[in-house]
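Note that ligands are numbered from 1 as they come in the structure, with each ligand's atoms numbered from 1 the same way.
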Amino acid sequence: MSIGATWAGTHTFEAAGLIEATSIDQVQDLLTTTDGPVRALGTRHSFNDLADTAGTLVTVTGIPANPVLDERARTVTVGAGIRYGVLAAWLHERGWALHNMGSLPHISVGGAIATGTHGSGVTNGCLSDAVAALTYVGARGAVRTMSRGQEGFTALPVGLGAFGIVVRVTLDIQPAYTVRQDVYRGLPWAALLDDLSGVMSAGYSVSAFTTWDEDTVQQVWRKSRVGEGEAPGPDWLGSRLELPEESGLVDADPAALTVRGGVEGPWLERLPHFRLDHTPSNGDEIQTEYFVALEDGADALVAVRAMAADIAPHLLVTELRTLAADDLWLSGAYGRDTLAIHFTWRNRPAEVAALTPRIEEALAPFGARPHWGKVHTMTADAVAAAHPMLGQARLLFDALDVDGRFANAHLRRLGVRS
Ligand SMILES: Cc1cc2nc3c(=O)[nH]c(=O)nc-3n(C[C@H](O)[C@H](O)[C@H](O)COP(=O)(O)OP(=O)(O)OC[C@H]3O[C@@H](n4cnc5c(N)ncnc54)[C@H](O)[C@@H]3O)c2cc1C
């Protein structure tokens, strides 16, 4: 049976089979009645072979989500296979919200948290940082729930599928809020580099888009919570508000983007860049992303920008975002406020493969960490040097799964499993 490929077609799965579970019992059955390797598959939005296995893939996206709201604890507990956009709509109808969302609302909660998926905002942790508890089926079929505060918990939210199949997740929530999105064009590079933290703090969630070779930063998207701080004005640090007829971002269909132009709207319709009701085509692109400490961010940008002429011809766009520091062992923002430097490449695998090691070399002095779900060429040694808790995470995952059922070639290559 052909399992097919990742969303962008960047990896064709080699697994022997795919089980689309419709109940937690079915996941347990798989792990108790068979003894080969098993890996969880989410909505296939990663770009590499992280999810793959020589054995069986199992997806929990078909298990009923059955959301349970706990208003006193300010949490929602939900099936891990639900897509963020669907959960967001369910919460909003009841007056609740998530702290943040990634750019695309079509991605599963279980898969997104497993790789430390993030939005932006200097005070916003990655999506995994909102995980208050998770329930998983372990290597021998036992169901176990681990909650924030329990020993070893901080290894699990960004767990790369390395210790079990996560079936339910409890997420922190907060009262629903209103957001406006204002897009500024032509921010001088000097303004960004002189005060990177200030620029990236200019809203609840700020993203800067560049192709590196322009004189000014192409677009800065300021997503502000209405009623918090001052509303963005027309002039800002030498940039200007975009005109209505300018709306668009590189190759993206403007109709696919969430509403901009300072129009106030619900959080779930402003925090993602793409609309849930717009079906994204199969992506003709490759993505790469690295995390550096925000305090090193300006120097890291200068180092990458020295390669602008080589990068730009193969790039659709770079997006710069921020993440608040967290304590999740394998998070890109573990222990440090972070700048995320993202590249959406044209679908040119050979050129991307040639450029990524050069970018990694330029970012090595800053202890850059790769996004686990995107394309990179970092070695186990380089990843271990950037991720202080990697060795401890490996020990824990190996202990939870002594037969290596949830290990695969990707995790072994990077030293996440032995
Ligand atoms: C168009 C696009 C936009 C994106 N935007 C962002 C963004 O804004 N920010 C960002 O940080 N990333 C972004 N990404 C990357 C994406 O969020 C991550 O790759 C994410 O992990 C994909 O989730 P998924 O459900 O597709 O998981 P998959 O890609 O299917 O799997 C990823 C990993 O999660 C594990 N996994 C999946 N489900 C479970 C489960 N139930 N239990 C245990 N492990 C599980 C898998 O084993 C695998 O290791 C984007 C990707 C695309 C294609």
Side-chain angles (χ1 to χ4, degrees), residues 3-11 13 15 18 21 24 27 37-53 57-63 78-84 100-120 124 126-128 131 134-138 156-169 205 207 252 256 271-274 278 280-291 316 319 321 323 330-333 338 340 342 344 370-375 397 401 406-408 410-411 414 416-417:
I3 313 288
T6 52
W7 172 84
T10 43
H11 173 73
F13 290 102
L18 167 65
I24 296 174
V27 180
V38 173
R39 294 278 296 160
L41 182 66
T43 43
R44 304 175 179 228
H45 285 94
S46 294
F47 288 82
N48 54 32
D49 59 347
L50 173 63
D52 212 349
T53 172
L57 283 168
V58 57
T59 182
V60 300
T61 52
I63 299 179
V78 68
I82 195 170
R83 293 183 295 154
Y84 262 100
N100 210 353
M101 292 179 75
S103 63
L104 190 73
H106 302 71
I107 292 171
S108 81
V109 170
I113 61 168
T115 64
T117 293
H118 61 95
S120 192
N124 295 325
C126 66
L127 302 184
S128 330
V131 176
L134 50 77
T135 300
Y136 68 94
V137 182
L156 305 186
V158 186
L160 307 175
F163 62 92
I165 312 296
V166 177
V167 287
R168 289 192 67 78
V169 181
S205 165
S207 292
L271 291 179
H273 299 337
F274 297 97
H278 186 277
S281 58
N282 279 355
D284 194 18
E285 64 186 53
I286 301 170
Q287 295 189 11
T288 299
E289 189 169 32
Y290 302 98
F291 303 102
L316 283 166
E319 180 176 8
R321 288 181 281 185
L323 296 81
L330 297 185
S331 165
T338 290
H342 163 91
T344 302
H371 190 304
W372 298 108
K374 301 184 181 180
V375 168
F397 297 154
D401 171 26
F406 302 121
N408 68 358
H410 185 103
L411 295 178
L414 293 184
V416 179
R417 292 298 311 262

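- Residue contacts with ligand 1, taken as heavy atom pairs separated by less than 4.0 Å, do not involve His273 at all.
- Using a 4.0 angstrom heavy-atom cutoff, Gln287 counts as in contact with ligand 1.
- An N or O contact shorter than 3.5 Å links Thr43 to ligand 1 by distance.
- When the ring-ring contact (aromatic ring centres under 6.0 Å, His included) test is applied to His342, no partner is found at least two apart in sequence or on another chain.
- Across the listed options Leu156, Ile107, Thr115, Ile107 owns the non-hydrogen atom lying nearest to atom 50 (C) of ligand 1.
- Within the 4.0 Å heavy-atom criterion, the part of Arg39 lying near ligand 1 is the side chain and not the backbone.
- Nearest to atom 25 (O) of ligand 1 among the protein's heavy atoms is Ser108 OG, 2.6 Å.
- For the pair His342 and ligand 1, no heavy-atom separation below 4.0 Å is found.
- Applying the 4.0 Å criterion to heavy atoms of Ser103 picks out, from ligand 1, the atoms 3 (C), 4 (C), 5 (N), 6 (C), 7 (C), 8 (O).
- Side-chain N or O atoms of Ser331 include one that pairs as donor or acceptor with a backbone N or O of Ala333 at under 3.5 Å.
- Side-chain atoms of Asp401 never come within 3.5 Å of backbone atoms of Gly138 as a donor-acceptor pair (strictly under, hydrogens ignored).
- Using a 4.0 Å cut-off to heavy atoms of Gly102, the atoms of ligand 1 that qualify are 8 (O).
- Protein heavy atom at the shortest distance from atom 44 (N) of ligand 1 is Gly161 CA, 3.4 Å.
- Ring planes of His371 and His118: tilted class, angle from 30 to 60°.
- Aromatic rings of Phe406 and Phe163 (six-membered ring for Trp) have centroids beyond the 6.0 Å cut-off, not under it.
- Here the closest non-hydrogen pair linking Asn408 and Leu50 is ND2-O, 2.8 Å.
- Taking NE2 from His410 and CZ from Arg39, the interatomic distance works out to 8.5 Å, rounded to the nearest 0.5 Å.
- Side-chain atoms of Ser108 never come within 3.5 Å of backbone atoms of Gly81 as a donor-acceptor pair (strictly under, hydrogens ignored).
- Which of Glu319, His371, Arg168, His45 comes nearest to atom 12 (N) of ligand 1 through a heavy atom is settled by distance: it is His371.
- Remark: the backbone N or O of Val109 is not paired with any side-chain donor or acceptor of Arg83 at under 3.5 angstrom.
- Counting heavy atoms only, Ala114 comes closest to atom 34 (O) of ligand 1 of the residues Ser207, Pro272, Ala114, Ala162.
- A distance-only check finds a donor-acceptor pair linking the side chain of His45 to the backbone of Thr43 [under 3.5 Å].
- At a 3.5 angstrom cut-off on N or O pairs, Gly42 counts as close to ligand 1.
- Listed by atom number, the atoms of ligand 1 under 4.0 Å from Val60 heavy atoms are 41 (N).
- Only the side chain of Arg321 comes within 4.0 Å of ligand 1, counting heavy atoms alone; its backbone N, CA, C and O stay farther away.
- At the top of the distance list for atom 17 (O) of ligand 1, counting protein heavy atoms only, stands Thr117 OG1, 2.8 Å.
- Applying the 4.0 Å criterion to heavy atoms of Leu104 picks out, from ligand 1, the atoms 1 (C), 2 (C), 3 (C).
- Checked against a 3.5 angstrom limit, the closest N/O atoms of Glu289 and ligand 1 fall outside it.
- When only interatomic distances are considered, the shortest N/O to N/O separation between Phe47 and ligand 1 does not fall below 3.5 Å.
- Distance alone, capped at 3.5 Å, places no donor-acceptor pair between the Arg321 side chain and the Ser205 backbone.
- Here the side chain of Thr117 pairs a donor or acceptor atom with the backbone of Ala112 at under 3.5 angstrom.
- If you check which protein heavy atom lies closest to atom 9 (N) of ligand 1, you get His118 O, 2.8 Å.
- Counting heavy atoms from C-beta outward, Pro272 and Ser103 have side chains that stay 4.5 Å or more apart.
- The minimum heavy-atom distance between Ala114 and Gly161, with the atom names listed, is CB-N, 4.3 Å.
- Nearest protein heavy-atom contact of atom 14 (N) of ligand 1 is Lys374 CE, 3.8 Å.
- A heavy-atom separation below 4.0 Å is not found between Ala8 and ligand 1.
- Remark: minimum distance from atom 42 (N) of ligand 1 to any protein heavy atom is reached at Val166 N, 2.9 Å.
- Remark: among candidates Phe274, Phe406, Trp7, Phe291, the nearest residue to atom 53 (C) of ligand 1 is Trp7, based on non-hydrogen atoms.
- Side-chain contact between Leu323 and Phe291: present, with at least one pair of heavy atoms (C-beta onward) separated by less than 4.5 Å.
- Taking only non-hydrogen atoms, the option from Ser120, Gly332, Gly111 nearest to atom 27 (O) of ligand 1 is Gly111.
- The side-chain contact (heavy atoms from CB on, under 4.5 Å) test with Trp372 is passed by exactly one of Asn48, Leu411, Leu414: Leu414.
- Residue Gly164 has at least one heavy-atom neighbour below 4.0 Å for each of these atoms of ligand 1: 43 (C).
- Where the criterion is an N or O separation shorter than 3.5 Å, residue side chain and backbone included, Ala40 meets it with respect to ligand 1.
- Using modelled atom types, no side-chain atom of Asp49 and backbone atom of His11 make a donor-acceptor pair closer than 3.5 Å.
- For ligand 1, the polar-atom distance check finds an N/O of Leu160 within less than 3.5 Å of one of the ligand's N/O atoms.
- Contact annotation: for Ser46 versus ligand 1, heavy atoms closer than 4.0 Å belong to both the backbone and the side chain.
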